[in-house]
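Here the structure is laid out as structure tokens; the discussion comes afterwards.
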Amino acid sequence: MQQNSTWVPLFPEQASTFAWQVDGLYFYLIAISAFFTIGIVAAIMYFAVKYREKEKFATGVEIHGSIALETLWSIIPFIISMTVFLGGAIVYYNQYRTPKDAMEIYVVGKQWMWKLQHQTGQREINELHVPVGRKVKLTMTTEDVLHDLFIPAFRTKIDVIPGRYTSIWFEATKPGKYHLFCAEYCGLNHSGMGGFVYVMEQRDFDNWLSGTVSGQTPVETGRDLFENKLGCASCHAGGPQQRGAKLEGLFNTDVKLVGGQTVKADDEYIRNSILNPSGQVVEGYQPIMPTFKGQVTEEQLVSLVAYIKSLGGEGGANSSGGTGTSNPSGAAANPSNPNGARTPTSQITNSSVPGASNPNAPSNTSEPTRRENN
Ligand code: CUA
């Protein structure tokens, strides 16, 4: 941990774009508290001496109201509390509204480690490598209990909640090695559930990426699960026999549900639809999809979400950074086609080039048959 260049002793370094804002707000609050605490204590002491009992049973002078005084002591605290509110609101909005062009990293917490995966496929445990000066979004969930990801140098901290996705973003400003903690008591080895964030120059980061075994990217893993292991494609692939809701171009769009409700097809919605399909049935479809609860891990769910995101939608395929290259066959990603319906031609192209859409899938050749059987 670098301890240099902290402007207040005991404070962690400021290493993200909004670290100074959080500190600024914090010191503003301390200054206000200190000012009033000192003022009040001093006044108590001064008055205690000045108005001490000089003769027995003296009566005080009667005081009548003062409009000017009362207005003043209402307006000044009002202005002070509004500046606190404004400062808090600005910091909050900066931290919790993720920019669209952020590089996304998936995080799964578990007792007692952090598992992270880059979009290019590299996996890390209790370590996170990020480039300096780049917006990074962490999409997070947990396999078991509540955890909380805390990177003090970035002044960023958020609960990681079972059954839900939460996300934060940051932009690191200084290369270095910074602490990463779990900040929610989560069992016996909670205190050991931590590690380091390595902020690197872009070039060093690129070197690190290329020097690290990548395996499948989340999108590739997701596609493999979708097309082969879980057989989602048997209903969700396009064509005349399609029984499941259309997924191409879906991400982040508004979906109309049976019953008239409209929801946004975000990470959370996709995750819920896989685990609890009958909960949010899309208008025009039957509730025939079985649940996949217990059959997929959180990491697989994250991959499936990444895959469906790669099929296009609002800010889906575009914001997914490096994943574009991993989906060259256009197995489905076609953001220019808002309807996303797979034309017969594209299906023929797919099946006539076995493995083109999924080099890792030995059973790919049998897939067209499976689709026809539907
Ligand atoms: Cu995980 Cu504390």
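When a ligand or atom number is given, it counts from 1 through the structure's own listing order.
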*What N/O/S atom of Glu184 is the closest to atom 2 (Cu) of ligand 1?*
O

*Is it true that some N/O/S atom of Gln111, main chain or side chain, lies under 2.8 Å from atom 1 (Cu) of ligand 1?*
no

_Between OG on residue Ser310 and CZ on residue Phe251, distance to nearest 0.5 Å_ = 10.5 Å

*To the nearest 0.5 Å, what is the distance between NE2 (His179) and CZ (Phe196)?*
4.5 Å

*To the nearest 10°, what's the angle at atom 2 (Cu) of ligand 1 between atoms ND1 (His190) and SG (Cys186)?*
120°

*asked:* Regarding Asp148, does it place an N, O or S atom less than 2.8 Å from atom 2 (Cu) of ligand 1?
replied: no

*Can you establish whether the number of heavy atoms outside Ile30 located under 6.0 Å from its atom CD1 is more than 12?*
yes

*Between Trp169 and Phe18, how do the two ring planes meet: parallel, tilted or perpendicular, split at 30° and 60°?*
perpendicular

*How is the N/O/S atom of His147 that comes nearest to atom 1 (Cu) of ligand 1 named?*
ND1

*asked:* Under a 3.5 Å cutoff, is there a donor and acceptor pairing between the side chains of Gln111 and His147?
replied: no

